[in-house]
Novice: 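Structure incoming, see below.
Only heavy atoms go into these numbers, but all of them, side chains included; no hydrogens, no water, no symmetry mates.
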Amino acid sequence: MNVTKLSELTATDIAEYLRLSEVSEDDTNSLNTYLTIAKSYIVQYTGYTLAELDAFSDVVQVALILCQDMYDNRSLYIEKSNLNYVVESTLDSHRINLL
């Protein structure tokens with residue numbers, strides 16, 4: 001996978017990251033939902049728009065980690081009190097809404 005922009009990340013990329021050998025239509029729908037939630041969370045956390053976040057290639061990895069966490073836990077939310085260190089430190093480095 002050679003995705004460098006958050007807006008270019010797809011369910012296929014997430015399936016590859018998760019090492020899923022076969023992906024059903026239901027799986028694709030779930031992965032798209034996870035991706036939407038991850039993008040929304042990243043936008044809310046940092047204060048940047050989705051278009052502005054394309055300038056930071058490291059947020060692609062953050063989105064993948066968030067999607068993996070939701071997939072592993074079969075949840076449709078991001079546990080803010082138990083964030084992965086990589087996710088938190090990367091998003092903190094890009095955060096502009098510190099209020």
Novice: Would Arg74 pass as a cation-pi partner of Tyr71, given that its NZ or CZ must be under 6.0 Å from the six-membered ring centre and within 45 degrees of the axis?
Specialist: yes
Novice: Using a distance-only test with no angle check, is there a side-chain donor-acceptor pair under 3.5 angstrom linking Ser89 and Asp92?
Specialist: no
Novice: When rounded to the nearest 0.5 angstrom, what is the spacing between OG1 in Thr4 and CG in Asp54?
Specialist: 8.0 Å
Novice: In this structure, would Ile42 and Tyr85 fall into the same cluster of hydrophobic residues linked by side-chain contacts under 4.5 Å?
Specialist: no
Novice: When you compare the side chain of Leu66 with that of Ile37, does any pair of heavy atoms fall below 4.5 Å?
Specialist: no
Novice: Might you point out which heavy atoms bring Tyr41 and Leu83 nearest each other, and give the distance in Å?
Specialist: OH-CD1, 3.2 Å
Novice: Please lay out, stage by stage, how Leu18 and Gln68 fare under the test side-chain contact (heavy atoms from CB on, under 4.5 Å).
Specialist: CA-CA 7 Å; Leu18 296 174; Gln68 179 182 17; 3.6 Å; yes
Novice: Shortest non-hydrogen contact from Tyr45 to Arg95?
Specialist: O-NE, 3.2 Å
Novice: Passes side-chain contact (heavy atoms from CB on, under 4.5 Å), Val43 versus Tyr48? Steps please.
Specialist: CA-CA 6 Å; Val43 166; Tyr48 285 106; over 6 Å; no
Novice: Kindly give the heavy-atom pair with the smallest separation between Leu35 and Ala11, and that separation in Å.
Specialist: CD2-N, 4.4 Å
Novice: Can any side-chain N or O of Asp69 pair as donor or acceptor with the backbone N or O of Ile78 at less than 3.5 Å?
Specialist: no
Novice: Determine whether a donor-acceptor pair (N or O, by modelled atom type, separation under 3.5 Å) exists between the side chain of Ser40 and the backbone of Thr36.
Specialist: no
Novice: First locate atom OG of Ser30, then atom CG of Leu76, and finally report the distance between them rounded to the nearest 0.5 Å.
Specialist: 7.5 Å
Novice: Which atoms form the tightest heavy-atom contact between Cys67 and Ala38, and what is the distance?
Specialist: SG-CB, 4.0 Å
Novice: Could you tell me whether the side chains of Asp13 and Thr10 share a donor-acceptor contact shorter than 3.5 Å?
Specialist: yes
Novice: Which heavy atom in Ser75 sits nearest to a heavy atom in Tyr34, and how many Å separate them?
Specialist: O-CE2, 3.6 Å
Novice: Dump the intermediate steps for side-chain contact (heavy atoms from CB on, under 4.5 Å) on Leu64 and Ile14, then the final yes or no.
Specialist: CA-CA 6 Å; Leu64 291 170; Ile14 296 167; 4.0 Å; yes
Novice: Do Thr90 and Asp58 have side-chain N/O donor and acceptor atoms under 3.5 Å apart?
Specialist: no
Novice: When you look at Thr12 and Tyr17, which way does the side-chain contact (heavy atoms from CB on, under 4.5 Å) test go after all the steps?
Specialist: CA-CA 9 Å; Thr12 303; Tyr17 180 78; over 6 Å; no
Novice: Work out which heavy atom in Lys39 is nearest to a heavy atom in Leu9; give both atom names and the distance.
Specialist: NZ-O, 4.0 Å
